[in-house]
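Heads up: the structure comes next, in structure tokens.
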Number of protein chains: 2
Amino acid sequence: MEKQTATKLFESLSSGVRLDIYRLLVKCGRGGMVAGQIAATLDLPPNNVSFHLKGMTHAGLVTVEQEGRFQRYRANLPQMLELIAYLTEECCAGHPEQCLTLPAESCCPEAALPPISTTPSES
Amino acid sequence: MEKQTATKLFESLSSGVRLDIYRLLVKCGRGGMVAGQIAATLDLPPNNVSFHLKGMTHAGLVTVEQEGRFQRYRANLPQMLELIAYLTEECCAGHPEQCLTLPAESCCPEAALPPISTTPSES
DNA sequence: TCAATATTACAAGAACTATTGAAATATTGT
DNA sequence: ACAATATTTCAATAGTTCTTGTAATATTGA
């Protein structure tokens, strides 16, 4: 993942409105929601929601599909997983067991996140 | 996790400079880095790095510890894991197998992320 | 104490973002 | 074609953030 992609995704989630929208879409999963439904659920002006959805779509955080006169939005979960992978790349320089005081299974979980680099990096 | 905490964390990662700093600290793991070392490694003005580190510390994204005249910064990984958990709360309304076209083990990984709610939510 | 180094605090300007309201576009059903 | 609905676009304002330079603070070692 490129840095610019990552910053755009994080920027998309740095607003309370967009975070609410994204979490709502995550809950809805594959089904997604249409724009008006999102606005009604979160009790926000439709044009404001549309404004934020446009940005989120452009960033790749959500996807959109036209359904007649409706626009159905869905959370782009694969993108989120890539983002987390990007963030934890070379986590602890190949020594995930070092990860602070967390229970081992909570940090750098090989089952969920991409392979951890085993190349320590020093500067 | 509260919404404001989450937005602050995402905002902290929405700048290329801060994202570079955080990823660098993630790589260094438990060892962390002192401010000047970070600035030198990323080839940035020390005061600019300090400015961003202050914000990141305030957001809880990194921790800081004094070492004589040095300030040693470390990535706050537990906070990041909580953030991911917050984001994927009630993922797919309790039906993680619905998560798009991802291989099942990549989405809503029970092994790594907190328990998935089993209560479907409809609006 | 004094000089040197590491880091932070402050101030100013440009650039960007969020919110709102009004208008425009597109689709549906009659 | 026409009216109704869903959604987006546009414009304007207020507020916020980023960067840079300069000054201040704190620690170290002589």
Side-chain angles (χ1 to χ4, degrees), chain A residues 3-25 28 31-75 123, chain B residues 3-25 28 31-75 123:
Chain A
K3 182 163 84 174
Q4 201 182 355
T5 307
T7 54
K8 274 189 192 171
L9 289 170
F10 285 126
E11 189 183 336
S12 283
L13 290 165
S14 68
S15 134
V17 171
R18 289 192 295 265
L19 184 56
D20 283 341
I21 293 174
Y22 184 74
R23 298 215 313 147
L24 181 59
L25 289 177
C28 293
M33 273 181 105
V34 301
Q37 211 179 355
I38 297 171
T41 302
L42 299 178
D43 195 24
L44 291 168
N47 59 349
N48 191 10
V49 170
S50 175
F51 168 82
H52 288 297
L53 281 171
K54 182 186 175 185
M56 295 167 78
T57 305
H58 191 72
L61 191 64
V62 302
T63 62
V64 62
E65 185 188 2
Q66 186 150 9
E67 279 183 12
R69 84 179 98 176
F70 302 95
Q71 301 284 331
R72 182 167 298 271
Y73 289 89
R74 293 183 180 88
S123 54
Chain B
K3 181 163 82 175
Q4 201 184 353
T5 307
T7 54
K8 274 189 193 170
L9 290 170
F10 285 127
E11 189 183 336
S12 283
L13 292 166
S14 68
S15 135
V17 172
R18 289 191 296 266
L19 184 55
D20 283 342
I21 293 173
Y22 184 74
R23 299 215 314 147
L24 181 59
L25 289 176
C28 293
M33 273 180 106
V34 301
Q37 210 180 357
I38 297 171
T41 303
L42 300 178
D43 195 25
L44 290 169
N47 59 349
N48 191 10
V49 170
S50 175
F51 169 82
H52 288 298
L53 281 170
K54 183 186 173 186
M56 294 166 78
T57 306
H58 192 72
L61 191 64
V62 302
T63 62
V64 62
E65 185 187 3
Q66 185 151 10
E67 279 184 12
R69 83 180 100 175
F70 302 96
Q71 301 286 328
R72 181 166 297 272
Y73 289 90
R74 294 184 178 85
S123 55

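Just so we're on the same page: letters track the sequence lines, and every chain starts at 1. Basis for what follows: all heavy atoms, side chains included, without hydrogens, waters or symmetry-related copies.
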CD (A:Gln66) with more than 12 external heavy atoms under 6.0 Å: yes

Rounded interatomic separation in angstrom, taking CD1 from B:Ile38 and C1' from C:dT8: 14 Å

Side chain of B:Gln71 (C-beta onward), nearest among D:dT7, C:dT7, C:dT28: C:dT7

Residue mapping more 5' on DNA chain C - nearest nucleotide basis, A:Glu11 or B:Asn48: B:Asn48

Derivation and outcome, side-chain contact (heavy atoms from CB on, under 4.5 Å), residues B:Ile38 and B:Leu53: CA-CA 10 Å; B:Ile38 297 171; B:Leu53 281 170; 4.1 Å; yes

Atom pair distance, as rounded to whole Å: CZ in B:Arg72 and C1' in C:dA6: 13 Å

Close side-chain approach of A:Leu9 to A:Thr5, heavy-atom, < 4.5 Å: yes

Nearest-neighbour nucleotide for the A:Asn47 side chain, D:dT8, D:dT27, C:dT27 considered: D:dT8

Closest non-hydrogen atom pair between B:Val49 and B:Ala35, with its separation: CG1-O, 4.3 Å

Separation of D:dT7 P from A:Gln37 CD (nearest whole Å): 9 Å

B:Arg74 side chain vs B:Cys28 backbone, donor-acceptor pair below 3.5 Å: no

A:Leu13 and B:Leu13: CA distance, side-chain angles, deciding distance, side-chain contact (heavy atoms from CB on, under 4.5 Å) verdict: CA-CA 10 Å; A:Leu13 290 165; B:Leu13 292 166; over 6 Å; no

DNA chain C contacts among residues 54-65 of chain B, heavy-atom distance under 4.0 Å: B:Lys54

Sugar-phosphate only, base, or nothing, as touched by A:Glu67 at under 4.0 Å among non-hydrogen atoms: nothing

Distance below 4.0 Å between B:Tyr73 side-chain N/O and C:dT7 OP1 or OP2: no

Nearest-nucleotide pick for B:Arg69, side chain only, options being C:dT5, D:dA6, C:dT17: C:dT5

Rounded distance (Å) that lies between atom P of C:dA18 and atom CG of A:Leu19: 13 Å

For atom CG of A:Leu44 and atom P of C:dG21, their distance in whole Å: 13 Å

Proximal nucleotide (of C:dT20, D:dC18, C:dA18) relative to the B:Arg18 side chain: D:dC18

Any A:His52 side-chain nitrogen or oxygen under 4.0 Å from OP1 or OP2 of C:dT19: yes

Sugar-phosphate only, base, or nothing, as touched by B:Val34 at under 4.0 Å among non-hydrogen atoms: sugar-phosphate

Closest listed nucleotide, where the reference is the side chain of A:Ser15 and the choices are C:dT20, C:dA6, C:dA18: C:dA18

Closest listed nucleotide, where the reference is the side chain of B:Ser50 and the choices are C:dT5, D:dT19, C:dT7: C:dT7

Spacing between A:Asp43 atom CG and C:dT19 atom P, to the nearest angstrom: 14 Å

Euclidean distance, atom CG of residue A:Leu42 to atom C1' of C:dT19 [Å, nearest integer]: 16 Å

Exam field: side chain B:Arg18 to backbone B:Glu11, donor-acceptor pair closer than 3.5 Å: yes

Student check: side-chain heavy atoms of B:Asp20 and B:Leu24 closer than 4.5 Å: no

Which residue lies more 5' along DNA chain C, comparing A:Phe51 with A:Gly68 via nearest heavy atoms: A:Phe51

Closest to side chain of A:Phe70, choosing from D:dT28, D:dT7, C:dT7: D:dT7

